[in-house]
Amino acid sequence: MFTRRSLFILTVGLATTTAPALAQSWKEKYPELVLALVPAENATGTLDRYTPFANYLSKELGVKVTMRVASDYTAVIEGQKNRQIHIGFYGPGSYARANTVSGGNVVPFVTTKNSDGSIGYYSVMYVRADSAYKSIEDLKGAKLGFVDVESTSGFKAPNFFLTQQGFPIDRHFKVAQTNGSHENAVLALAAGTVDGAVNWWNSEDDSNLTRMLHKGMVKKPDGALMKKEDFRIAWKSPLLPGSPFAYLADMPDDLKKAITKAFVEAPQKDKDAFAKLSDGKDLGFVEVTAKDYEESVKMNLWLDEQRKKKAS
């Protein structure tokens, strides 16, 4: 049971006949591995996107994989801290939180390589194209829509970088509200509930917004479907580290090596399952370490310090 948090659970069928011969010792201790995902999109969309990949992991590792889609970021953070989750998928900021609260027992092992060969992504602030807002300066006194407080692109990065740039959220905007998920933030903007909404963005043709538009999820208040041209970007962050998959550091080395190998080899061993993760946009997985996320840890520490100052 995950305290105060809910997760949607899918147990993936085990296919042992094609599993490689791995050390039996860790399999006896870990007959089931739990893969948990932060809510980048709704649960149905996440299950559709990740189920083939979870099946692939089952075949490669030779043990049952249970996939959990969290209702919020804290569910994954706390679940992995308590060792109820073996592999977690995070944004860089939520990973940094998991690493800290677990005493360093949650460590990153891979992230994805974008279609242009780059590693990392951006936080952007969308506005509607039919509004008067064209820049962050124009949004003075406007309403801003966040995602989850543990989302890097949807909360942490905008707070951190906008303050550095001279636009602190609590002084520049009239209202700043959290909407829970990346999708909800976009829908609030489409409905006119907020004037600007922050979200993740990889490239012009790969973002949460483009995925939602492709699914026909974004509509105007009158019900008309919206297009990419109905939005524009008023602000864009510096490049953020790639969203990592992280496992428990205290698991057996043979198990950790097997997990990393399965991820890195996924594009070759199950091209379709890998492609489905990003609608065919990503090129592959690349290995990372905690050192690659030191700046994300510093961002978290800065945000924590700001909260303490406001509370005092």
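The figures here come from the full heavy-atom set of this structure, side chains too, leaving out hydrogens, waters and symmetry mates. Position 1 is the first residue of the sequence; numbering continues from there.
- Note: Leu240 CG to Trp200 CH2 = 12.5 Å, rounded to the nearest 0.5 Å.
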*Run the numbers on Glu60 and Lys261 for salt bridge (Lys or Arg N to Asp or Glu O under 4.0 Å), then give the verdict.*
CA-CA 9 Å; Glu60 286 298 301; Lys261 185 173 183 288; 5.5 Å; no
*Any chance you could lay out the side-chain contact (heavy atoms from CB on, under 4.5 Å) test for Tyr73 and Val76, step after step, and finish with the verdict?*
CA-CA 6 Å; Tyr73 287 67; Val76 182; over 6 Å; no
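- If you run side chain to side chain contact (heavy atoms under 4.5 Å, CB included) between Leu248 and each of Asn105, Ile87, Ile85, Val107, only Asn105 comes through.
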*Determine, step by step, whether Gln177 and Lys143 satisfy the side-chain contact (heavy atoms from CB on, under 4.5 Å) criterion, reporting the C-alpha distance in whole Å, the side-chain angles of both residues, the deciding distance to 0.1 Å, and the verdict.*
CA-CA 8 Å; Gln177 64 184 51; Lys143 297 179 181 179; 5.8 Å; no
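- The hydrophobic cluster containing Val198 does not contain Met226, counting ILVMFWY residues as joined when their side-chain heavy atoms lie under 4.5 angstrom apart, directly or transitively.
- For the residue pair Glu183/Asn42, the side-chain donor-acceptor check at 3.5 Å is satisfied.
- The CZ atom of Phe146 sits 15.5 Å away from atom CG of Asn184, with the distance rounded to the nearest 0.5 Å.
- In this structure, the side chain of Asn55 engages the main chain of Thr51 through a donor-acceptor pair within 3.5 Å.
- Closest approach of Ala98 to Ile77, counting heavy atoms only: CA-CG2, 3.8 Å.
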*Give the intermediate values and the outcome of side-chain contact (heavy atoms from CB on, under 4.5 Å) for residues Trp201 and Lys236.*
CA-CA 9 Å; Trp201 186 96; Lys236 184 179 178 182; 3.3 Å; yes
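- Contact between Pro221 and Ala191 at its shortest, heavy atoms only, is CG-O, 4.0 Å.
- Of the options Trp26, Tyr30, Phe109, a ring-ring contact (aromatic ring centres under 6.0 Å, His included) to His86 is made by Tyr30 and by none of the others.
- Here the side chain of Asp222 pairs a donor or acceptor atom with the backbone of Ala224 at under 3.5 angstrom.
- Between the side chain of Ser151 and the main chain of Val147, no donor-acceptor pair closer than 3.5 Å is present.
- Looking only at atom types and distance, the side chain of Ser203 has a donor-acceptor partner in the side chain of Asp205 under 3.5 Å away.
- If you chain together hydrophobic residues whose side chains sit under 4.5 Å apart, Tyr126 and Tyr133 never meet in one group.
- In terms of modelled atom types and a separation under 3.5 Å, the side chain of Ser153 and the main chain of Ser123 share no donor-acceptor contact.
- Side-chain atoms of Arg128 never come within 3.5 Å of backbone atoms of Phe231 as a donor-acceptor pair (strictly under, hydrogens ignored).
- Summarising the geometry of Ile169 relative to Ala176, their closest heavy-atom pair is CG2-CB, 3.7 Å, with the distance given to 0.1 Å.
- Shortest non-hydrogen contact noted between Ala234 and Leu139 is CB-CD1, 4.1 Å.
- Looking only at distances, no side-chain donor or acceptor of Asp270 sits under 3.5 Å from a matching main-chain atom of Tyr56.
- For the pair Tyr95 (side chain) and Phe89 (backbone), a donor-acceptor distance under 3.5 Å is absent.
- Without hydrogens or angle criteria, Asp195 side chain to Ala142 main chain gives no donor-acceptor distance under 3.5 Å.
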*Kindly indicate, with the supporting measurements, whether the criterion side-chain hydrogen bond (donor to acceptor under 3.5 Å, both in side chains) is fulfilled by Tyr90 and Gln80.*
CA-CA 11 Å; Tyr90 297 97; Gln80 200 158 29; 2.6 Å; yes
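- Of all the heavy atoms in Ser243 and Pro92, the pair that sits closest is OG-CD, 4.0 Å.
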*Give the C-alpha distance, both sets of side-chain angles, the deciding distance and a yes or no for salt bridge (Lys or Arg N to Asp or Glu O under 4.0 Å) between Asp116 and Lys281.*
CA-CA 9 Å; Asp116 61 359; Lys281 303 296 184 183; over 6 Å; no
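- Between Ile119 and Leu239, the shortest heavy-atom distance links the atoms O-CD2, 3.7 Å.
- At distances below 3.5 Å, not a single donor-acceptor pair connects side-chain atoms of Arg232 with backbone N or O atoms of Ser135.
- Formation of a donor-acceptor pair under 3.5 Å by the Ser278 side chain with backbone atoms of Asp282 is found in this model.
- Atom NZ of Lys256 has more than 12 neighbouring heavy atoms from other residues, nucleotides or ligands inside a 6.0 Å radius.
- Within 6.0 Å of the NZ atom in Lys215, the count of heavy atoms belonging to other residues, nucleotides or ligands exceeds 12.
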